[in-house]
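Just below is one structure, and these are the notes that go with it.
These numbers come from the heavy atoms of this one structure, side chains and all, not from hydrogens, waters or symmetry mates. To find a chain, count down the sequence lines: A is the first, B the second, and so on, and within it residues start at 1. These numbers come from a predicted model, not from an experiment.
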Amino acid sequence: MPDFQTSPGMRDILPPESARWRRFVHVFAGVAEGAGDGQVISPLLEDLGVFQRIGDATDVVTKEMYDFVDKGGRHVALRPELTASVCRAFVQHRPLTPWKVWYAGSQFRYEKPQRGRYRQFDQVGIEVLGADDPYLDVEIIALGWEFYRALGLQQVNLLLNSLGEPADRARYVQALQEHFEAHLDTLSDESKVTLQKNPLRVLDSKRPQDAPLVAAAPKIAEFYSEAAAAHFAAVQAGLTELGIPFTVDSKLVRGLDYYRHTTFEYQGGTLESAQNALGGGGRYDGLVESLGGPPTAGIGFALGLDRTLIACDDEGVFPAPANDVDVFVVDTTGGLQALQITAQLRDVGIGADRAFENRSMKSQMKAADRSGATYAVIIGSNELDAGEAVVRPLRAERALNPDGSPSDGTQSTIPRSDLLDHLKKALS
RNA sequence: GUGGUCGUAGCUCAGCUGGUAGAGCAUCAGUUUGUGGUACUGAGGGUCGCGGGUUCGAGCCCCGUCGAUCACCCCA
């Protein structure tokens, strides 16, 4: 065992998985920027207060924060989510609205780690501030949907709900509280605790014992104001217009207190229930104001990298890309030739690798095969003396003869001076 | 934070009721008068997560601890 390893819930992302992560963000950036969203890069560390505004009934804030006092006496925290950071940035810089941004980055929550749930975890997300148009809700939800499709995921379910306006939500919470308190004896002990902190969250209970009571609970829809009902109806109509299937789930409350009106969650069809939330979001029209800004509408979502990639694995889509090089140089004369040739190839944009430590021909050919290169360039003492090089196709299905015809797999000996042109042509 | 399961070579794992460690893959080298992907031979690599205890003797039993994993909780 090594003396050191990563802290609990934190890990190294190694190749080739790391390349997959990079591509994941790249695909997301393409989707977001295609809708006119620009990237915002905010600090990992913020004043603790930024996150406390998320709400004191939110575990993310009260129990799971990595917070500490820095050398200047500031009470700071590693960001547990990015929505609050984006709103803080909005208040600080006051860009023109609607402000449409996307982000990608690590977040930190001190939780007990599990598969698909880490203390340092990565999300990509979109936030739009300064517009309360229900069709914006539709655009946001559709962008997430489009992203999953871009990855190749088929089995994603969209759950949709509305928490109404703050007053609606407050009346509903009270009704819920009364409902559960009237049946306290059948409620699980855990849910009794939850009830004290946040009655909405009791709807989220996965304990079978609570199921009947939850099913019998009043529904949020009965409490919508006219405006809230109209907003929600417009969102549903918009999604239907775009042909995006969704399920209205009145129990979808989500854990962050700042949500109002539209909330939604993308669930993976193949994942275990504990980790099946691939991403989610909703409206948070009061958050900017609570951070000291003007009353500003806001909506956004965040998608977890890990869970989405697990879902991709389950469906066999979006595999880690191969990091294949174009040419592998085999040099049995000491390595200087390989040094020159790889440098020349890279200089003209051809990916090139080689072996080190002057290994045997066989060993170097093995390495060439492993590298995924289309061609091996072989330099032995004969070639060196004659000023020649052997070009050997390693992947017949990809390789071409110099004249452009498909390779029959045989190698050719060519003058060293023609090597670069030969390979450029063969790889074009 | 609470509870269950697990922790043996780089990787995946075997190791019966306790007698001081094995396989496959991978790596390296050779079989081949210079040429890889299939074959054969050989080599290197492990204080059995860590720390205590029981025992003549522990990878196997007990306690603790760290980590992973699963459920609850929470959420992405």
Pairing partner of B/G46, by Watson-Crick or G-U wobble and under 3.5 Å for both distances, is none
**Asked** A/Gln114 side chain N/O closer than 4.0 Å to the phosphate oxygens (OP1, OP2) of B/A71?
**Response** yes
Go through it in stages, so that I can follow the logic: the residues are A/Phe147 and A/Phe24, the test is ring pair (Phe, Tyr, Trp, His ring centres under 6.0 Å), and I'd like the CA-CA distance, side-chain angles, deciding distance and then a yes or no. CA-CA 10 Å; A/Phe147 175 60; A/Phe24 186 96; 5.1 Å; yes
Checking N1-N3 plus N6-O4 or O6-N4 for Watson-Crick, or N1-O2 and O6-N3 for wobble, each under 3.5 Å, the partner of B/A23 is B/U12
For the rings on A/Phe108 and A/Tyr110, is their centre-to-centre separation under 6.0 Å? no
>> Less than 4.0 angstrom from a charged side-chain N to a carboxylate O is my criterion; do A/Lys100 and A/Glu139 meet it?
In response: yes
Which part of the nucleic acid, if any, lies within reach of A/Leu309 when heavy atoms closer than 4.0 Å are counted: base, sugar-phosphate only, or nothing?
nothing
> Charged N to carboxylate O under 4.0 angstrom, A/Asp137 versus A/Arg283?
Replying inline: yes
Report which part of the nucleic acid A/Glu357 touches: base, sugar-phosphate, or nothing (heavy-atom distance under 4.0 Å, all strands).
-> nothing
Next item on the list: Have a look at A/Arg207 and say if it touches a base, only the backbone sugar-phosphate, or nothing, with a 4.0 Å heavy-atom cut-off.
Entry: sugar-phosphate
Review point. Counting any heavy atom closer than 4.0 Å, what does A/Asn382 reach on the DNA or RNA strands: base, sugar-phosphate only, or nothing?
Key: base
A/Lys366 NZ to B/G30 P, in whole Å, measures 11 Å
Answer for the Watson-Crick or wobble partner of B/C61, both distances under 3.5 Å, is B/G53
The Watson-Crick or G-U wobble partner of B/U38, with both key distances under 3.5 Å, is none
